[in-house]
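Down below is the structure, laid out as structure tokens.
Counting from 1, the numbers follow the sequence of the chain as shown.
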Amino acid sequence: MRDPAAGLPDETWLAALHADAIRLLTDLEPVDDREAQVRSQMLAHLAEHQDAWSREGPPEHFTASVLVVTEDWSQVLLTHHRKARTWLQLGGHADPGDESVLAAARREGREESGLAQLQVRPVLVDVDRHELVGSFGRCREHLDLRCVAVVPPAAPTVSAESLDVAWWPVTALPQPHGEDLPRLLANARRRAG
């Protein structure tokens, strides 16, 4: 008998993520035309690609990320991403055993920050589609589903994927940072704050 704590068996984890992404995107009420367009593109991509969450699937594939903020929303935990060479929210590819988009975002957040108790709020706060430049292998574009975690400030650890991980005031973001980071902060506050 399979250990229930081990996550989903290999043959079903992609299907579970696929279905969960459709559910989250369908439930998302876009805040503007940009978000409505990205949401529509993501749903179309999922309809066309059953393996949209797999790194071995299409070169444009889904990722899950988490914006980690303090309880008063004054600080944000960011990673100085080793490949992108910019400050970003935590997140990345789904792995076998991730049972949902939120589980993938939570695992990525914990791995990249060392904050073992990090819990993701059960709401999608932003969507983004962006091309990749640099050494990302066969990945050409990420379709990122974004969540939020509100935590007490704690000392993070730096993973192998990062040059640094640090808390920053939301009013004084580090440079360079992802151009969409201010929008992500605003949408997260609007939807989960």
[X]: side chain to side chain donor-acceptor pair (under 3.5 Å) partners, not counting sequence neighbours:
X: R191; result: E35
X: S74; result: D72
X: E111; result: R107
X: R189; result: none

Is it possible for you to say whether [X] and [Y] belong to one hydrophobic cluster, with membership spreading through side-chain heavy-atom contacts below 4.5 Å?
X: V101; Y: L143; answer: yes
X: V151; Y: V123; answer: no
X: L28; Y: I22; answer: yes
X: L46; Y: L145; answer: yes
X: L185; Y: V38; answer: no

Trace of the side-chain contact (heavy atoms from CB on, under 4.5 Å) decision for R146 with D128: CA-CA 8 Å; R146 296 166 168 189; D128 190 66; 3.4 Å; yes
Using a 4.5 Å cut-off between side-chain heavy atoms of Ile, Leu, Val, Met, Phe, Trp and Tyr, which other residues end up in the same hydrophobic cluster as L88? none
[X]: which residues meet the side-chain contact (heavy atoms from CB on, under 4.5 Å) condition with it, sequence neighbours left out?
X: S113; answer: L77, L90, L115, L118
X: P176; answer: T86
X: E29; answer: none
X: D33; answer: none

Heavy atoms only: give me the nearest [X]-[Y] pair and the separation to one decimal.
X: T157; Y: G114; answer: OG1-CA, 3.2 Å
X: S65; Y: Q89; answer: OG-NE2, 3.3 Å
X: A104; Y: A64; answer: CB-CB, 4.0 Å
X: W53; Y: L17; answer: NE1-O, 3.5 Å
X: C147; Y: V120; answer: CB-CG1, 3.3 Å
X: A103; Y: E99; answer: CB-N, 4.0 Å

Hey, does the side chain of [X] reach the backbone of [Y] with a donor-acceptor pair shorter than 3.5 angstrom?
X: H177; Y: L78; value: no
X: R39; Y: P30; value: no
X: H49; Y: D51; value: no
X: E112; Y: G91; value: yes

Name each donor-acceptor pair under 3.5 Å that joins a side chain in residues 161-174 to protein atoms two or more places apart or in another chain, with its distance.
residue	atom	partner	partner atom	Å
S162	OG	T79	OG1	2.4
W167	NE1	A154	O	2.8

Report the residues that fulfil salt bridge (Lys or Arg N to Asp or Glu O under 4.0 Å) with R23, sequence neighbours left out, ordered by chain and then residue number. D20, D27
From [X] [atom1] over to [Y] [atom2], what is the distance, rounded to the nearest 0.5 angstrom?
X: N187; Y: D180; atom1: CG; atom2: CG; value: 10.0 Å
X: R55; Y: H61; atom1: CZ; atom2: NE2; value: 7.5 Å
X: R190; Y: R183; atom1: CZ; atom2: CZ; value: 10.5 Å
X: R110; Y: S159; atom1: CZ; atom2: OG; value: 15.5 Å
X: L181; Y: L67; atom1: CG; atom2: CG; value: 7.0 Å

Apply side-chain contact (heavy atoms from CB on, under 4.5 Å) to the pair L14 and H18, showing each step before the final yes or no. CA-CA 6 Å; L14 286 174; H18 192 273; over 6 Å; no
Suppose the criterion is ring pair (Phe, Tyr, Trp, His ring centres under 6.0 Å): which pairs have a residue in residues 107-132, not counting sequence neighbours? H130-H142
List the steps, then state whether side-chain contact (heavy atoms from CB on, under 4.5 Å) holds for V127 with L25. CA-CA 9 Å; V127 292; L25 287 165; 3.7 Å; yes
Counting only heavy atoms not in Q117 (residues, nucleotides, ligands), do more than 12 fall under 6.0 Å from its CD? no
For V66 and E108, what are the C-alpha separation, side-chain angles and deciding distance, and is it a side-chain contact (heavy atoms from CB on, under 4.5 Å)? CA-CA 8 Å; V66 57; E108 282 287 327; 5.8 Å; no
Is the shortest heavy-atom distance from the side chain of P58 to the side chain of H45 under 4.5 Å? yes
